[in-house]
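Protein chains get the first letters and strands the later ones, always in sequence-line order, with residue 1 at the start of each. Because only heavy atoms are used, hydrogens play no part in the values below, and waters and symmetry mates are left out as well, while side chains stay in.
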2 protein chains.
Amino acid sequence: MSNRSRPLVHPLDTELPQLRQGAAADDDDDPMVMMKDVQGMPGTPAALALRFFQFGFAAVSVAVMAATTDFPSVTAFRYLVAALSLQCLWSLLLAIVDVYALLVKRCLRNSKFLGFVAIGDGITSTLTFAAACASAGITVLIGSDLNNCAENHCTRFETSIAMAFVSWFLVSPTFFLSFWSLASR
Amino acid sequence: MSNRSRPLVHPLDTELPQLRQGAAADDDDDPMVMMKDVQGMPGTPAALALRFFQFGFAAVSVAVMAATTDFPSVTAFRYLVAALSLQCLWSLLLAIVDVYALLVKRCLRNSKFLGFVAIGDGITSTLTFAAACASAGITVLIGSDLNNCAENHCTRFETSIAMAFVSWFLVSPTFFLSFWSLASR
């Protein structure tokens with residue numbers, strides 16, 4: 001790893017010198033240079049689409065759960081709202097970074113940023129999955145084991161949990177791509 | 001990837017010719033040759049210890065849960081017993097493979113076997129984590145939200161779930177090590 005400090009996203013006015021510097025580094029097999037462009041890695045249109053859908057499904061999940069009147073009485077449902085809100089914020093943050101990187105046509109694939117994305121995706125996806133599983137266990141308990149769906153908003157709970165699982169499923173590719181490209185450097 | 005077929009663990013009587021073949025392949029940078037020996041990767045004593053503890057904690061979790069009389073009435077608890085039993089079998093199987101590899105002093109780090117271990121670990125750890133989260137959600141519902149621990153075996157449920165989480169936590173390093181070494185080839 002070289003000791004040169006270099007910003008993650010470079011402003012447009014310093015782009016040309018930086019590009020030249022990057023090209024020079026490329027020839028030296030510098031580990032800080034950009035990696036092979038795989039769709040789904042940070043700064044690609046596929047990653048932006050994934051982030052957008054992660055954010056959308058997480059937001060719908062939180063909205064549907066928060067719209068039920070009795071969700072605060074169950075700890076797991078409160079935790080679902082908290083975890084999916086965090087997922088929303090994280091996906092929105094990275095979507096903004098991706099949009100910015102696409103607009104200024106810069107590459108985000110250096111190891112520090114990839115490590116940051118992999119750790120963040122790992123934490124948020126674990127929390128989202130845990131919340132979805134805990135809530136699913138309780139919904140199954142209410143619906144199948146206690147046959148008590150008439151008094152509860154089972155359909156709304158199920159919709160919210162399904163959206164949470166979809167959001168988790170969409171975080172997995174971005175996590176594994178970051179982790180894989182970090183390991184294969 | 002070469003097309004030569006080569007067994008994962010070689011019997012002792014064919015070891016010397018195989019070793020010579022491996023050494024020859026090493027010189028050619030053949031991707032099928034053994035990788036750097038990292039403790040925790042399949043065929044190392046650390047991996048054997050991890051598998052042993054994964055198996056132990058999963059077995060204790062299943063035993064404690066199955067010892068309660070009312071676990072079959074809750075779907076999530078039945079699922080916990082099923083998922084942790086699968087985890088037991090998987091860890092035991094790989095422990096036996098590790099013991100065999102250590103006894104015949106052979107290396108298990110080729111890409112097919114690492115892929116098999118990474119996929120298997122990924123599936124079993126996801127199932128174990130999902131079961132532990134679902135059961136934890138229900139135990140928190142019984143204990144904190146409904147204050148109904150007097151009629152239920154809350155302490156036993158909690159013990160079983162804690163063991164399941166420990167077992168999941170011990171599967172993670174073997175999964176990430178296989179995945180990392182698969183990606184970094």
Tracing side-chain links under 4.5 Å among I, L, V, M, F, W and Y, which residues wind up in one group with B:Val171? none
Heavy atoms only, distances under 4.5 angstrom: which of B:Ala76, B:Ala132, B:Ala134, B:Ala136 has the most pairs with chain A? Name it, please. B:Ala134
A:Ile138 versus chain B, heavy atoms under 4.5 Å apart: side chain, backbone, both or neither? both
Can you pull every donor-acceptor pair closer than 3.5 Å across chain B and chain A?
| from | atom 1 | to | atom 2 | distance (Å) |
| --- | --- | --- | --- | --- |
| B:Thr75 | N | A:Asp145 | OD2 | 2.9 |
| B:Thr75 | OG1 | A:Asp145 | OD1 | 2.7 |
| B:Thr75 | OG1 | A:Asp145 | OD2 | 3.2 |
| B:Asp145 | OD1 | A:Thr75 | OG1 | 2.7 |
| B:Asp145 | OD2 | A:Thr75 | N | 2.9 |
| B:Asp145 | OD2 | A:Thr75 | OG1 | 3.2 |

Under a single-linkage definition using a 4.5 Å side-chain heavy-atom cutoff for Ile, Leu, Val, Met, Phe, Trp and Tyr, are B:Leu102 and B:Ile96 assigned to the same hydrophobic cluster? no
Report, as yes or no, whether the 6.0 Å neighbourhood of atom CZ on A:Phe165 holds more than 12 heavy atoms from other residues, nucleotides or ligands. yes
Do the ring planes of B:Phe175 and A:Phe176 sit parallel (below 30°), tilted (30 to 60°) or perpendicular (above 60°)? perpendicular
Residue pairs meeting disulfide bond (SG atoms under 2.5 Å apart), one or both in residues 145-185 of chain B, sequence neighbours left out, come to B:Cys149-B:Cys154
Who passes ring-ring contact (aromatic ring centres under 6.0 Å, His included) against A:Phe77, sequence neighbours left out? A:Phe157
Can A:Val62 be reached from A:Met163 by stepping across I, L, V, M, F, W or Y side chains whose heavy atoms are under 4.5 Å apart? no
Going hydrophobic residue to hydrophobic residue with side-chain gaps under 4.5 angstrom, can you get from A:Val140 over to A:Leu80? no
